[in-house]
Asker: 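Handing you a structure now.
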Amino acid sequence: MNTEQENFRTEMEPSETEKEAAKERVLAEIAELDIGLNLEKHPEILDRLAEIGHHFRDGLDMARVIQTLYGQFRESLGLRDASPKRLMRTAVLHDIGKSGPAGEKTDFHQAVRCLFREPTRPFNPFSQGKPTTVTAFIESQEMPESESIRETLRRNGIDPDRESAIEFWRRHVGWSYDILKNERWDGEAVDDDMITIAGSHHILEGKNPAELNIGNEPQGEDDLELIEMTGLLAAVDKYQAFRHRANLDHAETMRRLRGMFESHPELPDMTKEKFKVVLDILDRSGPELKDCCRTAN
């Protein structure tokens, strides 16, 4: 590692006191949810959740949405879990890839963290009908580390002048899947289906690291339930994002969610039916969800 890279990592690295405080906040918030996730046994997972900051809090919002609506979801979809806690754990973990790819931390992880920070200035990811580049996003935020970030991305095979910000941000899906898949859960708290669901929350946007097959009719109850729970998490993820990050009201959020779903006429009829059930439950539950997302109107 050269001097410039070392300086970049040093400037971006929080102090040990800040790291410990962030981890304590994560542990406290998960304990408050009471979902059976003991992260003291999984220090890397805890570290990464502490690093992603507001994205972790988005996952908490999603878990609360799931908790609020699970009885209706379970009854209408025929889910077998009597408790929402398993899917709530999945919601808390699903964005962990926003800390960067699996494996040893490098300057690339620091660059990723910069690009997933909450924007300080408005940014339109599309301009004149085309996706806006990573470089344009960096410049719009006037990041003091801008050149170091771009150089770090280039060293890791990403051209910030050509790759769109949207495409870069969606890389986190594969990183989340790899991180959760590589962790030794020992049959405790997190299972393979949960990892598949977490890694498939952008499946309608073409991100499918778990290679979940939603293009054919589900075969058997297990496959059907996996599709149902994936659709549920994907819908709740978008609902939370529209309510919190875009600050849309419930009605406009539902209009956009239905538009996204209707843009995929190729889905099998059974899958369409299950997605529609999820959206219908979300739609009629606006008052119940008012306090689940931090900036919901």
Asker: So do the side chains of S99 and I179 get within less than 4.5 Å of each other, counting heavy atoms only?
Answerer: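 Yes; the side chains approach each other to less than 4.5 Å.
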Asker: Atom CG in L27, atom CG in L39: separation rounded to 0.5 Å?
Answerer: 6.5 Å
Asker: Could you check whether F275 and H264 have their ring centres less than 6.0 Å apart?
Answerer: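 That pair fails the under 6.0 Å test.
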Asker: Under the salt bridge (charged side-chain N to carboxylate O under 4.0 Å, His left out) criterion, do D280 and R258 qualify, and how do the steps go?
Answerer: CA-CA 10 Å; D280 286 346; R258 291 189 186 282; 3.0 Å; yes
Asker: Checking the side chain of T132 only, and the main-chain atoms of N124 only, is there a donor and an acceptor separated by less than 3.5 Å?
Answerer: yes
Asker: Please list, chain by chain and in numerical order, all residues satisfying salt bridge (Lys or Arg N to Asp or Glu O under 4.0 Å) with R170, sequence neighbours excluded.
Answerer: E205
Asker: Does a side-chain heavy-atom distance below 4.5 Å link M270 with L224?
Answerer: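 When only atoms from C-beta onward are counted, L224 and M270 do touch, with a gap below 4.5 Å.
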Asker: Compare every heavy atom of P160 with every heavy atom of T133, then report the nearest pair and how far apart it is.
Answerer: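 Looking at all heavy atoms of both residues, the shortest contact is CB-O, 3.5 Å.
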Asker: So which pairs with a foot in residues 174-184 pass side chain to side chain donor-acceptor pair (under 3.5 Å), sequence neighbours left out?
Answerer: H42-E183
Asker: Could you check whether atom CZ of R121 has more than 12 heavy atoms from other residues, nucleotides or ligands sitting under 6.0 Å from it?
Answerer: yes
Asker: Determine whether the aromatic ring centres of residues H202 and H172 are separated by less than 6.0 angstrom.
Answerer: yes
Asker: Which heavy atom in C114 sits nearest to a heavy atom in I149, and how many Å separate them?
Answerer: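 Here C114 and I149 meet closest at CB-CD1, 3.6 Å.
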Asker: Can you tell whether the side chains of R150 and D161 come within less than 4.0 Å, N to carboxylate O?
Answerer: no
Asker: Within this structure, what is the CG-CE distance for the pair L180 and M194, rounded to the nearest 0.5 Å?
Answerer: 8.5 Å
Asker: Assess, by modelled atom type and distance only, whether the side chains of D237 and H94 contain a donor and an acceptor separated by less than 3.5 Å.
Answerer: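 Note: D237 and H94 side chains meet the donor-acceptor criterion.
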Asker: Step by step, would you call Y239 with V278 a side chain to side chain contact (heavy atoms under 4.5 Å, CB included)?
Answerer: CA-CA 11 Å; Y239 183 89; V278 170; over 6 Å; no
Asker: Between R64 and L60, is there a side-chain heavy-atom distance shorter than 4.5 Å?
Answerer: yes
Asker: More than 12 heavy atoms of other residues, nucleotides or ligands under 6.0 Å from CD of E266: is that the case?
Answerer: yes
Asker: Is there a donor-acceptor pair closer than 3.5 Å between any side-chain N or O of H55 and the backbone N or O of I52?
Answerer: no
Asker: Report yes if the side chains of K238 and T253 come closer than 4.5 Å at any heavy-atom pair, otherwise no.
Answerer: no
Asker: Under 4.5 Å between any side-chain heavy atoms of L93 and I195, yes or no?
Answerer: no
Asker: What's the verdict on salt bridge (charged side-chain N to carboxylate O under 4.0 Å, His left out) for D81 and R74, showing C-alpha distance, side-chain angles and the deciding distance?
Answerer: CA-CA 8 Å; D81 278 348; R74 180 171 180 260; over 6 Å; no
Asker: Quick one: sort the F137 and F123 rings into parallel, tilted or perpendicular, breaks at 30° and 60°.
Answerer: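 Aromatic pair F137/F123 classed perpendicular.
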Asker: With a 4.5 Å cut-off on side-chain heavy atoms, are K19 and E16 touching?
Answerer: yes
Asker: Quick check: are there more than 12 heavy atoms from other residues, nucleotides or ligands sitting under 6.0 Å from NZ of K276?
Answerer: no
Asker: Looking at W169 and S164, would you say the former's side chain and the latter's main chain have a donor-acceptor pair under 3.5 Å?
Answerer: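 The answer is no, because no donor-acceptor pair under 3.5 Å joins these two groups.
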Asker: Transitively linked via ILVMFWY side-chain contacts under 4.5 Å: I197 with V173?
Answerer: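 No; V173 is not reachable from I197 via cluster members.
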